[in-house]
Visitor: 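Sending over a structure as structure tokens; questions will come in a sec.
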Amino acid sequence: MLDIIHAAGWPIWLLVTTSVITLAIIIERFLALRPSQIMPRGLPEQVLELMRRQQDEPDAVLRLARSSAMGRILAEVVAQRRQTDALRQAAIEAVGRDVSWRLNRYLAGLATISVVAPLLGLFGTVVGMIEIFGAYDPTGSGNPALLAHGIAIALYNTGFGILIAIPALIFHRYFRSRVEYFLHTMEREAGALDRLISLHISS
């Protein structure tokens, strides 16, 4: 591996740094977007049971909000249950936007890397071409080692840039679809709880 990095020249270090950032984001998002962390099983039922037993005091609501992303949204529904429909909806939507931002955190970075990595590879290719032209001698007495080094820089950087961009794009799409599923499910559960509260208040 060190031999490849040495052969690829100094532009490869930009791609190595980019690959480390990509791997860090992927690992962090895998850990952060686990279903158990976002939407624990049976949480909506637990909230309904909490309200049925009238145990929804501020401390219980605060614990619910700290438990998970869905818990935070459902806790806001419970906390705002005595407000008018318009105020309750506005409060829930505000919390939902913040939760959405947290779930989508760093995904823009993956999207950027999927675009930038091939460009960095192209930059390495340009550097390699400069090396090749620098080694060229019209008299035919050019240095073959310098010519080979320029070709290596061009090829390694191009390949490595594409190698980084492909998984970055794949995982960006994967995480985006996962976040959209989480947000859809949380919106559905929050809406159902809100409707139950509205019916209970009106009755």
Side-chain angles (χ1 to χ4, degrees), residues 1-44 65-74 92-132 148-192:
M1 186 64 183
L2 290 176
D3 291 339
I4 292 175
I5 292 175
H6 177 72
W10 67 265
I12 199 68
W13 289 107
L14 299 173
L15 289 166
V16 169
T17 303
T18 304
S19 69
V20 171
I21 295 172
T22 303
L23 184 61
I25 293 175
I26 290 172
I27 293 173
E28 191 277 337
R29 288 291 85 189
F30 259 123
L31 295 176
L33 296 177
R34 288 175 294 172
S36 61
Q37 294 287 104
I38 307 299
M39 303 184 310
R41 285 182 178 274
L43 185 61
R66 291 175 174 174
S67 65
S68 61
M70 177 182 277
R72 187 178 172 195
I73 293 177
L74 297 182
I92 295 168
E93 288 173 4
V95 172
R97 285 192 295 269
D98 185 63
V99 169
S100 175
W101 179 84
R102 292 178 183 276
L103 295 182
N104 282 290
R105 188 166 48 179
Y106 306 131
L107 295 189
L110 273 183
T112 301
I113 288 171
S114 69
V115 174
V116 169
L119 296 178
L120 290 176
L122 181 61
F123 172 71
T125 302
V126 172
V127 173
M129 295 298 291
I130 292 172
E131 293 273 347
I132 292 171
H149 181 61
I151 295 172
I153 291 175
L155 294 180
Y156 278 128
N157 280 276
T158 301
F160 203 40
I162 296 172
L163 189 64
I164 295 171
I166 291 174
L169 180 60
I170 290 172
F171 280 105
H172 172 259
R173 296 288 178 86
Y174 169 72
F175 289 136
R176 278 294 300 274
S177 64
R178 200 167 191 174
V179 167
E180 287 173 3
Y181 165 73
F182 287 149
L183 292 175
H184 170 74
T185 304
M186 287 188 286
E187 182 181 1
R188 184 187 64 205
E189 296 295 344

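Note that the coordinates shown come from a computational prediction; the quantities given were computed from them, not determined experimentally.
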Visitor: What is the minimum heavy-atom distance between T125 and A154, and which atoms define it?
Guide: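 Where T125 meets A154 most closely, the heavy atoms are OG1-O, 3.3 Å.
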Visitor: Evaluate whether atom CD of E189 has more than 12 neighbouring non-hydrogen atoms of other residues, nucleotides or ligands under 6.0 angstrom away.
Guide: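 Atom CD in E189 is crowded, with more than 12 foreign heavy atoms closer than 6.0 Å.
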Visitor: For the CD1 atom of I38 and the CG atom of L43, what is their distance to the nearest 0.5 Å?
Guide: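 Between atom CD1 of I38 and atom CG of L43 there are 12.0 Å.
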Visitor: Anything under 3.5 Å between a donor and an acceptor, one on a side chain of residues 163-175, the other on a protein residue two or more places apart or in another chain? List them.
Guide:
unit_1	atom_1	unit_2	atom_2	d
Y174	OH	R178	NH1	2.9

Visitor: With no hydrogens and no angle check, is any side-chain donor or acceptor of S19 less than 3.5 Å from a backbone partner on V16?
Guide: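 Checking the backbone N and O of V16 against the side chain of S19, a donor-acceptor pair under 3.5 Å is found.
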Visitor: Hey, what do you get for CD1 (I162) to CZ (F160), rounding to the nearest 0.5 Å?
Guide: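 The distance works out to 12.5 Å.
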Visitor: So with a 6.0 Å cut-off around CZ of F30, is the heavy-atom count from everything else above 12?
Guide: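 Yes, because the 6.0 Å sphere around CZ of F30 holds more than 12 heavy atoms from other groups.
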Visitor: Please report the shortest heavy-atom distance between S67 and G71, naming the atom on each side.
Guide: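 Closest heavy-atom pair between S67 and G71: OG-CA, 3.9 Å.
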Visitor: Any idea which heavy atoms bring A32 and Q37 closest together, and the distance?
Guide: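 The answer is O-CB, 4.1 Å.
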Visitor: Assess the residue pair R176 and E180 against the criterion (side-chain contact (heavy atoms from CB on, under 4.5 Å)); give the C-alpha distance rounded to whole Å, side-chain angles, the decisive distance to 0.1 Å, and a yes or no.
Guide: CA-CA 6 Å; R176 278 294 300 274; E180 287 173 3; 3.7 Å; yes
Visitor: Could you work out, with side-chain contact (heavy atoms from CB on, under 4.5 Å) as the rule, every residue matching V99, not counting sequence neighbours?
Guide: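 With sequence neighbours excluded, V99 shows a side-chain contact (heavy atoms from CB on, under 4.5 Å) to A69, R72, I73, V95, L103, M186, given in chain and number order.
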Visitor: Say you draw a straight line from CG of L23 to OG1 of T18; how long is it, rounded to the nearest 0.5 Å?
Guide: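 One finds 12.5 Å between CG of L23 and OG1 of T18.
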Visitor: Could you tell me the separation between the CG atom of L74 and the OG atom of S68, rounded to the nearest 0.5 Å?
Guide: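 Here the rounded value is 7.5 Å.
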Visitor: Between CD1 of I21 and CD1 of I26, what distance do you get to the nearest 0.5 Å?
Guide: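 Those atoms lie 12.0 Å apart.
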Visitor: At their closest point, which heavy atom of P118 faces which heavy atom of S114, and how far apart are they?
Guide: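 The answer is CD-O, 3.4 Å.
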Visitor: Checking T22 against L110 for the side-chain contact (heavy atoms from CB on, under 4.5 Å) test, could you report, in this order, the C-alpha distance in whole Å, the side-chain angles of both residues, the deciding distance, and whether it holds?
Guide: CA-CA 7 Å; T22 303; L110 273 183; 3.9 Å; yes
Visitor: Go through the steps for M129 and V126 under the test side-chain contact (heavy atoms from CB on, under 4.5 Å), then give the verdict.
Guide: CA-CA 5 Å; M129 295 298 291; V126 172; 5.6 Å; no
Visitor: At their closest point, which heavy atom of L183 faces which heavy atom of S100, and how far apart are they?
Guide: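 Closest heavy-atom pair between L183 and S100: CD1-OG, 3.5 Å.
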Visitor: Atom CG of L107 and atom CG of L33: how far apart are they, to the nearest 0.5 Å?
Guide: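 If I round to the nearest 0.5 Å, the distance is 7.0 Å.
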